[in-house]
Protein chains: 2
Amino acid sequence: MNAEALLKSHGLRKTAGRLAVLALFAKREKALSHSELQEGVTENVDRVTLYRILESFEQNGILHKVPDDQVSVKYALCDHDHEVGEAHSDNHAHFKCRVCGDTICLDDSEIPTMQVPEGYSVEGSLLLISGLCSKCA
Amino acid sequence: MNAEALLKSHGLRKTAGRLAVLALFAKREKALSHSELQEGVTENVDRVTLYRILESFEQNGILHKVPDDQVSVKYALCDHDHEVGEAHSDNHAHFKCRVCGDTICLDDSEIPTMQVPEGYSVEGSLLLISGLCSKCA
DNA sequence: TTTGATTTTGCAACATTGTTGCGTTTTTGT
DNA sequence: ACAAAAACGCAACAATGTTGCAAAATCAAA
Ligand SMILES: [Mn+2]
Ligand SMILES: [Mn+2]
Ligand SMILES: [Zn+2]
Ligand SMILES: [Zn+2]
């Protein structure tokens with residue numbers, strides 16, 4: 001399905017910005033950040049417009065957001081001692097309530113090992129479960 | 001282990017800001033964001049200083065970062081059709097290379113179901129694996 | 001208890017990311 | 001060609017995080 005038809009099938013108008021975004025996704029075959037798109041796109045697209053293009057694509061299921069690490073806006077006390085220095089991975093999952101926003105450690109959990117492509121190596125993982133806590137249920 | 005001893009055991013000096021941060025973590029028993037700490041802490045701590053307190057605590061294994069959702073800095077093309085509207089969860093894991101930063105979808109993967117506390121309900125989950133890609137290995 | 005090296009702080013300045021409002025332009029079907 | 005709807009560009013703002021530097025506080029040794 002080419003870019004034009006894709007837009008039409010979702011009732012989205014054909015604009016230079018949208019075509020440029022789709023073209024870039026077609027060329028680079030990986031997840032792209034807003035800034036990567038901003039730089040990589042041939043057209044001069046306004047920064048805000050680009051956000052809105054991505055928003056419209058997401059609402060129409062053309063693309064989806066991908067979590068990025070180094071994002072951590074929250075902190076929790078470690079429940080055991082750690083070596084000073086290197087990132088003590090704390091290999092457990094976390095739960096965040098959609099309503100109250102509280103985030104707790106699932107200390108007893110263990111993030112399962114996942115299969116990665118040939119030649120890739122795993123150093124860490126991050127599992128965030130979202131839903132309702134007992135208070136907000 | 002009380003707050004003073006904790007600081008001393010890591011060679012961190014005892015300051016009003018650090019004690020206030022530890023006190024708040026002791027009172028609220030959950031993960032806290034920088035802004036939550038900023039507001040909740042009794043002492044008047046400079047915003048930058050608070051960042052540095054958290055940094056020092058993290059380096060010493062006193063606390064650890066917790067991933068937060070609504071973070072999505074990247075976007076990927078959906079590999080199948082989605083309904084317009086509600087968050088098509090795309091229940092697969094993602095891999096991000098530590099060196100080149102490339103993020104790919106592990107489309108074939110499925111995020112395992114995790115056990116959550118009594119009364120909690122799961123709506124979605126987010127699994128980000130980090131490591132080295134074959135190009136950067 | 002004074003001193004002095006070291007750590008920590010506060011402040012200013014800046015960068016990045018994301019959002020909202022609004023007037024203008026572009027797209028598309030008629 | 002026309003008009004309604006959609007999309008855009010721009011300005012302004014907010015939140016989050018970073019860096020440099022001078023002043024202040026801490027701590028241990030004298
Ligand atoms: Mn945790
Ligand atoms: Mn994906
Ligand atoms: Zn809740
Ligand atoms: Zn790589």
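From A/L132, atom CG reaches atom CD of B/E123 across 4.5 Å, with rounding to the nearest 0.5 Å. Interatomic distance, CG of A/L127 versus CG of A/L106, reported as 8.0 Å (0.5 Å rounding).
If you find the closest nucleotide of DNA chain D to A/V48 and to A/G11, the one lying nearer the 5' end belongs to A/G11. Mapped onto DNA chain C by nearest heavy atom, B/N44 and B/R13 fall at different nucleotides, with B/R13 at the one closer to the 5' end. Residue whose closest nucleotide on DNA chain C sits further toward the 5' end, between A/K14 and B/S56: B/S56.
A donor-acceptor contact under 3.5 Å links the side chain of A/R52 to the base of D/dG9. For A/R47 against D/dG9, no side-chain N or O and base N or O form a donor-acceptor pair under 3.5 Å.
The C1' atoms of five pairs define one axis at each end of the helix from C/dT1-D/dA30 to C/dT30-D/dA1, and these two axes lie 20° apart (to 10°).
A/D46 approaches A/V48 most closely through the heavy-atom pair OD2-N, 2.9 Å.
Side-chain atoms of A/S33 and A/E36 form a donor-acceptor pair, as typed in the model, at a separation below 3.5 Å.
For the pair B/L54 CG and C/dT8 C1', the computed distance is 14 Å after rounding to whole Å. For the pair B/E55 CD and C/dT9 C1', the computed distance is 14 Å after rounding to whole Å. Computed from coordinates, the A/L12 CG to C/dG29 P distance equals 13 Å when rounded to whole Å. Taking atom CD of A/E58 as the reference point, atom C1' of C/dG18 lies 14 Å away to the nearest angstrom. One can place OH of B/Y51 at 12 Å from C1' of C/dT16, the figure rounded to the nearest angstrom. The CD1 atom of A/I53 sits 15 Å away from the P atom of C/dT19 (whole-angstrom rounding). Regarding B/H10, its NE2 atom lies at a distance of 17 Å from the C1' atom of C/dT7, rounded to whole Å. Taking atom CG on A/D46 and atom P on C/dT17, their separation rounds to 15 Å, with Å as the unit.
Residues passing the salt bridge (Lys or Arg N to Asp or Glu O under 4.0 Å) test with A/K14, sequence neighbours excluded: A/E4. Contacts of B/R52 classified as salt bridge (Lys or Arg N to Asp or Glu O under 4.0 Å), with partners at least two apart in sequence or in another chain: none.
Between A/F95 and B/Y120, the two ring planes are perpendicular [angle over 60°; tilted spans 30° to 60°].
Residue B/T15 is classed as a sugar-phosphate contact, given heavy-atom separations below 4.0 Å to backbone atoms only. Here A/R18 lies in heavy-atom contact (under 4.0 Å) with sugar-phosphate atoms only.
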